[in-house]
Amino acid sequence: MGEFWVVIDHEAGEPRKVSLQMLSAGRTHSGELGHDLVAVFTGAAYDGSRERVARYGPARVLIAESDEFESHPVQPVIETLAGLVAERKPDVVAFASTPYGKDLASGVAARVRAGVLADVVDLEVADGDLVCGMSVFGGATNVRCRVKGSPKIVCLKPNAFVAEESPSEPAEERVDVRISDDARAAKVTERVQEEAAGRPNVEEAAIIVSGGRGLGGPENFKLVEDLADVLGAGVGASRAAVDAGWYPHQHQVGQTGKTVSPQLYIAVGISGAIQHRAGMQTSKTIVAINKDADAPIFKLVDFGVVGDLFKVVPAVTEELRKRKGS
Amino acid sequence: MNIVVCVKRVPDTAAEKKLDPEDFTLDRESVESIMNPVDEYGVEEALRLKDEHGGEVTILTMGPEPAEKQAVRKALALGADRGVLVTDDAIHGSDALATAYVLALALADLEPDLVILGSESTDARTSLVPQALAQLLAMPGLTNVKKIEVADGKVTVHREEEGGHAVVEASLPAVVSVVKGINEPRYATLKGIMSAKQKPVDVLSGDDIGLDPAEVGLAGSRTEVVEAVPRPPKEQGTIVQDEGDGAAKLADFLQQNKFV
Ligand SMILES: Cc1cc2nc3c(=O)[nH]c(=O)nc-3n(C[C@H](O)[C@H](O)[C@H](O)COP(=O)(O)OP(=O)(O)OC[C@H]3O[C@@H](n4cnc5c(N)ncnc54)[C@H](O)[C@@H]3O)c2cc1C
Ligand SMILES: Nc1ncnc2c1ncn2[C@@H]1O[C@H](COP(=O)(O)O)[C@@H](O)[C@H]1O
């Protein structure tokens, strides 16, 4: 019987939402493929993940624990996973389609010579084979792709799949950690936190509120942040806002920034240039607030408010706060 | 220091793209093309390091001739020393890993101290090439980097991580992918553009780099596109003019759709 592996993406042992979404997607499709669902954990300690992972129904968990996964960037994880994949030959290995997950996926794929697909937003089993859906060219074209042969390495985009609980009592197996001298050729000497923790990053946020040049200055990003905070959202920015130095580059959405497809994207004072749309037009629901009724962003919206953001944004934040309170 | 920058020629985002209806590859001749925007930062970073440490900057690209030469010429005009173009009919339709394989073969002969790539290409957007390349070359793979320093045969980078960065030190040779914003790319001068015409661009075939055709192209790639359709146009949504009630209406919309 084949295996469908889900590599758990976690923060200091605590699984991220995308991992639970991947386990759910894996559960559905491993069933159709006749595969066992296997969670794979690499990190310092599995204890922080055990309970949540089990709620999403894997048959088994492979656990590779080492402090060196933290002290050397990606290479020890790639070597360990590539070794496991070569030895146990799972049919599917799923990673989170985040910068970190894609790094692991491409590294493992190169080592075991497997095919790899990034940014997968849809999975389907057709004629017993896994078919992956993704969108390309800035969301202008939808494609369906296959990985030839086995293993098939796929990177699943955060928020594209729904996490649904289905508790299991997975068998746990500790596996060998392999770290070559090559893997130690790069080491982390320091970690610098630049932003207050608490807000989800744009890559993983289910809701994003983005600000553009219409904000008029860096201080007004506070309006965007406040709205983001009532919604539990991440904060994005247009290139115009980033290039003006109003908000850090990591938050830029678009062709030369992040490609996101959250459940909800709210564009505040953003005109919707094609390079911006290329990074967000696959969002499930799109809202815009802009004073120019002809702004191209309105062609994409599910709901748009033509108005002054300095009036509308604080008012909607206040309104949502009230409604949440009641 | 011998630095190789991998640059890709990509269709302009603003241009309409056509896929070949037979094999779903991009019809690259039908669209306006540019150097992958993020690669401009890679070129600038290489030139900056060369200004500081001396050495040579080579631009490596894989793709059909002669159009790809434009991306190379652009980098040469900015100050790179020479170009290498790998082109072969067998390569047509290569996926990210097959691309990394071709680049790795070409790089093995170039004996770089540092290989710089962009963090992602705007057409494929996979971000898969840099780490795959690092693995194939058995070099440290430092991706999504926003600062590079080289000293004493070592490279120190700031690698983006959630909410901040990690400072990572690695031995050379190494593969680094850079993000937008790592620097301010320079503009080509007229003198640069003129002198670029004299700079050597080697055009290499698959045979020249020892390519196994079975590993590349549509047939050799381990992924395939089975269908491509234009994204269905979105239905016009509700647009309201704010008459003092815009916020309340928006709040209603958000609540009805269970975002609050
Ligand atoms: C190669 C290349 C790559 C690029 N990559 C990206 C990218 O990754 N991401 C990106 O975003 N852009 C990118 N761009 C830039 C893009 O073309 C646009 O210039 C940019 O997106 C504009 O940002 P903006 O919408 O914030 O600003 P503007 O286009 O200036 O729009 C500001 C909007 O705010 C509105 N506004 C002003 N005041 C108010 C108010 N008080 N209330 C309400 N609305 C108000 C205006 O009506 C206007 O629509 C790229 C460009 C190039 C050439
Ligand atoms: N055909 C190519 N020729 C040269 N470099 C490439 C090619 N394809 C990708 N790259 C490099 O790999 C980076 C990441 O691309 P990708 O993995 O396709 O998103 C790009 O920014 C380039 O530096």
Side-chain angles (χ1 to χ4, degrees), chain A residues 73 99 102-103 106-107 109-111 114-118 135 137-149 182 185-195 197 201 207 231 249-250 255-256 259 264 274-275 278 285 298 300-307 312 315-316 319-320 323-324, chain B residues 13-14 17 19 24 37-38 96-97 100 122-123 125-128 131-132 135-136 138 140-144 159-171 179-181 222-231 234 237-242 246-248 250-251 253-255 257 259-260:
Chain A
K102 290 201 270 189
D103 230 15
S106 66
R111 286 180 92 93
V116 53
L117 291 169
S135 69
F137 304 141
T141 304
N142 290 338
V143 294
R144 299 204 308 145
C145 298
R146 264 176 15 98
V147 181
K148 301 180 216 167
D182 276 354
K187 62 171 188 292
V188 176
T189 56
E190 194 188 347
R191 283 205 152 80
V192 181
Q193 193 71 28
E194 291 165 14
E195 291 177 44
N201 68 344
I207 302 180
L231 291 165
H249 142 83
Q250 281 98 310
Q255 186 204 291
T256 41
T259 308
L264 171 64
I274 186 159
Q275 295 91 351
T285 300
F298 284 126
L300 287 184
V301 296
D302 296 283
F303 194 89
V305 181
V306 180
V312 178
V316 79
E319 185 65 30
L320 292 176
R323 294 190 191 188
K324 266 174 73 176
Chain B
T13 301
K17 287 140 211 116
L19 291 180
F24 302 117
V38 186
L97 262 88
T122 52
D123 58 345
R125 296 221 81 151
T126 68
S127 296
L128 295 174
Q131 189 60 254
Q135 298 299 320
L136 295 173
L142 311 171
T143 50
N144 302 308
R159 199 169 174 270
E160 280 186 353
E161 286 188 349
E162 192 164 323
H165 67 262
V167 183
V168 179
E169 201 179 86
S171 55
V179 297
K180 167 190 171 272
R222 289 174 172 81
T223 60
E224 67 181 349
V225 180
V226 292
E227 185 186 279
V229 291
R231 185 180 166 76
K234 199 162 170 158
T238 310
I239 295 178
V240 301
Q241 180 79 41
D242 178 35
L250 175 52
F253 173 84
L254 294 175
Q255 206 165 17
N257 288 281
F259 292 116
V260 266

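Sequence lines set the chain letters: A, B, ... in the order given, protein chains first and strands last, and positions in each chain run from 1.
Of all heavy-atom pairs between A:T141 and B:A228, the closest is CG2-CB, 4.2 Å. Scanning both residues, B:V168 and A:P73, for their nearest heavy atoms gives CG1-CG, 3.6 Å. Taking both residues in full, the closest heavy atoms of A:G139 and B:R231 are given as O-CD, 2.6 Å, listed atom of the first, atom of the second, then distance. Contact detail for B:L128 and A:A118: the closest heavy-atom pair is CD1-CB, 4.0 Å.
Neither the backbone nor the side chain of B:A100 comes within less than 4.5 Å of any heavy atom in chain A. In this structure, the portion of B:F253 lying under 4.5 Å from any heavy atom of chain A is its side chain and not its backbone. Both the backbone and the side chain of A:A185 come within contact range of chain B, each with at least one heavy atom under 4.5 Å from a heavy atom of that chain. Contacts of A:S135 with chain B are absent, with no heavy-atom separation under 4.5 Å from either backbone or side chain. With a 4.5 Å cut-off on non-hydrogen atoms, B:Q241 touches chain A through its backbone and its side chain both. Heavy-atom distances place both the backbone and the side chain of B:L250 under 4.5 Å from chain A. Of the atoms belonging to B:Q135, it is side-chain heavy atoms, and not backbone ones, that fall under 4.5 Å from chain A. For B:V240, the parts lying near chain A are the backbone and the side chain together; criterion is any non-hydrogen pair under 4.5 Å.
The greatest number of non-hydrogen atom pairs below 4.5 Å with chain A, out of B:N257, B:T238, B:L136, B:L97, is found for B:T238. The candidate from A:D182, A:L231, A:L117, A:L320 with the greatest count of non-hydrogen atom pairs under 4.5 Å with chain B is A:L320. Interface remark: of the candidates A:G115, A:S106, A:A110, A:S106 forms the most heavy-atom pairs closer than 4.5 Å to chain B. In terms of non-hydrogen atom pairs under 4.5 Å with chain B, the most contact-rich of A:I207, A:V305, A:V312 is A:V305. Heavy-atom pairs under 4.5 Å with chain B peak, among A:P99, A:C145, A:G149, at A:C145. If you tally non-hydrogen atom pairs under 4.5 Å between each of B:P140, B:A138, B:A96, B:A248 and chain A, the highest count goes to B:A248.
Taking OG1 of B:T223 as the start and NZ of A:K148 as the end, the distance is 7.0 Å to the nearest 0.5 Å. Atoms CD and CD, on B:E162 and A:Q193 in that order, are 8.5 Å from each other to the nearest 0.5 Å. Once rounded to the nearest 0.5 Å, the distance linking CG of A:N201 with CD of B:E160 reads 10.5 Å. Atom CD of B:E169 sits about 4.5 Å away from atom NZ of A:K187, to the nearest 0.5 Å. The CD atom of B:Q255 sits 8.5 Å away from atom CD of A:E319, with the distance rounded to the nearest 0.5 Å. To the nearest 0.5 angstrom, B:E161 atom CD is 11.0 Å from A:Q250 atom CD.
Proximity of B:L254 to A:L264: side-chain heavy atoms (C-beta onward) are separated by under 4.5 Å at one or more points. Contact check for A:H249 versus B:V179: side-chain heavy atoms found under the 4.5 Å cut-off.
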Please step through side-chain contact (heavy atoms from CB on, under 4.5 Å) for the pair A:N142 and B:E227, ending with a clear verdict. CA-CA 8 Å; A:N142 290 338; B:E227 185 186 279; over 6 Å; no
